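What you see below is based on every heavy atom in this structure, not just the backbone, and it leaves out hydrogens, waters and symmetry mates. Keep in mind that this is a model prediction, so the values were computed, not measured.
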Amino acid sequence: MISEEKLKILTEGAKYDVSCSSSGSKRKNGGGMGNGYAAGCCHSFTPDGRCVSLLKILMSNDCIFRCKYCVNRAGEDIPRATATPDEICELVMDFYKRNYIEGLFLSSAVFKTPDHTMEQLLLTVKKLRTEYGFYGYIHLKGIPYADGALAHEAAKYVDRMSYNIELPSERSLKLLAPQKSKESVLVPMKKLTYETQVFKEEKRKGHFLPAGQTTQMIVGASYESDGQILKLSQSLYRAAGLKRVYYSSYLPVVHDALLPEKAAGALREHRLYQADWLLRFYGFTADEIADDNENLPVEYDPKCAWALKHPEIFPVEVNRAPLELLLRVPGIGAKSAYKITSARRYSSLSFEDLAKMRVVLKRAKHFITCKGKFYGEQKQEQVKLLLAGAEAREHAEQLSLFSSPETALSVLTGEL
């Protein structure tokens, strides 16, 4: 069994990888323990409302690479540890039997060589499936520069794989992670996408990445704007068929002259996720959301920013506007837009009807009319102030029973 000290080192080293979400896997129980069907990751929620968790761990933090932003980089004075495949397998089974986890998120620093690291990761997931009889969700991190045959074999045993692109441009990689390249990530990613399509078309037996692929980018460690980041995400969704792109705001966990001294902040990461949602579900393109050298506004969300740039389009009449336009109205989500198009077939909708559909009217009222009536603010500058104020109120701190008197006083006086 793995020691407590080794477990602490390897789980601590894995916490900076944010690529955790509901899995979307369809791997059902095959006679052993666990079930990957509709499961998920790390205290996130599945579409049916379940909160699920998995063991998030590195196989090793003893890296041979010298990425300047990474706490596990070679030469850094930190405790090192490497687990064996059997130690990880036994840990997963033990935690599963205790109902601590529903699956595994397994990554690793590159120790010895990329091929050796990937071989050990493959051996671990293969043992979990074939020897330990584990059928729960497994997300495996691919190793750059490792033999593609190893990744192909691993894809037969895991639900999801991901190669972290880390930085948004080749220039930044050369500066901050000189031992990595875009090709070392994009080539195996696209190859797995192609192999997944072949597997489905030929209707082969078994599983091959049923939950697809994801990647992760660090935001704020390098110079790239939000517009450049979103363009890269858009190309990854289109060319590699990724399920998700994750954004991790830069944290100064190590010190280097080439790195910023301050963290990028959670708000920038949040805005990128909002923009990413527009790319995937609302029909927006990266060019519409932000220009190449532009960052997303901090005052309000990207959809509000787009609507304010196009006053010639608004207000729109909800009882006649096409679905594509309704999806672009601030305050109207995808579910609400479909409800509107369905309900208005039978009767004209009022603002009261929209409220029942959970349309966020404090935003939407400035951009819509109902039966020809308009209840919003006509002056754009005033609309900007109202939207920014609503955003600030939404992110105000909710006091708990255990909040300190100092925190409560700060909130009441407006100092927080």
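- The residues Asp159 and Arg129 are annotated as salt-bridged, a charged nitrogen and a carboxylate oxygen being separated by less than 4.0 angstrom.
- Taking CG of Leu175 as the reference point, atom OG of Ser169 lies at 9.0 Å (rounded to 0.5 Å).
- The CD1 atom of Ile138 lies 5.0 Å from the CG atom of Leu128; values are rounded to the nearest 0.5 Å.
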Assess whether side chain to side chain contact (heavy atoms under 4.5 Å, CB included) is satisfied between Leu106 and Ile57, documenting all intermediate values.
CA-CA 5 Å; Leu106 180 60; Ile57 190 171; 4.0 Å; yes

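- By the 4.0 Å N-to-carboxylate-O rule, Glu5 lies too far from Lys8 to be salt-bridged with it.
- The CG atom of Leu308 sits 9.5 Å away from the NE2 atom of His366 when rounded to the nearest 0.5 Å.
- Both tests pass for Lys56 against the ring of Phe105: distance under 6.0 Å to the centre and angle within 45° of the axis.
- Residue Ile289 holds its CD1 atom at 10.5 Å from CG of Asp226, rounded to the nearest 0.5 Å.
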What verdict does the side chain to side chain contact (heavy atoms under 4.5 Å, CB included) test give for Glu76 and Arg80, after you've listed the backbone C-alpha separation in whole Å, the side-chain angles of each residue and the deciding distance to 0.1 Å?
CA-CA 10 Å; Glu76 195 71 12; Arg80 303 289 182 173; 3.9 Å; yes

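- Around NZ of Lys309, the count of heavy atoms belonging to other residues, nucleotides or ligands within 6.0 Å exceeds 12.
- The neighbour count for Tyr223 OH, taken as heavy atoms of other residues, nucleotides or ligands under 6.0 Å away, is above 12.
- A salt bridge is absent between Lys112 and Glu119: the closest approach of a Lys/Arg side-chain nitrogen to an acidic carboxylate oxygen does not fall below 4.0 angstrom.
- Other residues, nucleotides and ligands place no more than 12 heavy atoms under 6.0 Å from the CZ atom of Arg66.
- Atom CD of residue Gln234 and atom CG of residue Asp287 lie 6.5 Å apart, to the nearest 0.5 angstrom.
- With a 6.0 Å radius and a threshold of 12 heavy atoms from other residues, nucleotides or ligands, Lys126 has its NZ atom at or below the threshold.
- Under the side chain to side chain donor-acceptor pair (under 3.5 Å) rule, Ser162 has a single partner from Lys243, His139, Gln216, Arg244, which is His139.
- Between the side chains of Tyr246 and Asp276, no donor-acceptor pair of N or O atoms lies under 3.5 Å.
- The neighbour count for Tyr273 OH, taken as heavy atoms of other residues, nucleotides or ligands under 6.0 Å away, is above 12.
- What you find for Ala109 and Cys63 is that their closest heavy atoms are CB-CB, 3.5 Å.
- Dense packing is recorded around CD of Glu202, with more than 12 heavy atoms of other residues, nucleotides or ligands lying under 6.0 Å away.
- Within the 6.0 Å centre-distance limit, the rings of His152 and Phe208 are counted as a close aromatic pair.
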Please lay out, stage by stage, how Cys67 and Lys180 fare under the test side chain to side chain contact (heavy atoms under 4.5 Å, CB included).
CA-CA 8 Å; Cys67 304; Lys180 292 183 180 179; 3.7 Å; yes

Pair Leu91-Lys6, side chain to side chain contact (heavy atoms under 4.5 Å, CB included): steps then yes or no:
CA-CA 12 Å; Leu91 184 67; Lys6 187 184 290 189; over 6 Å; no

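- Here the straight-line distance linking atom CE of Met93 with atom CZ of Phe134 works out to 7.0 Å at 0.5 Å rounding.
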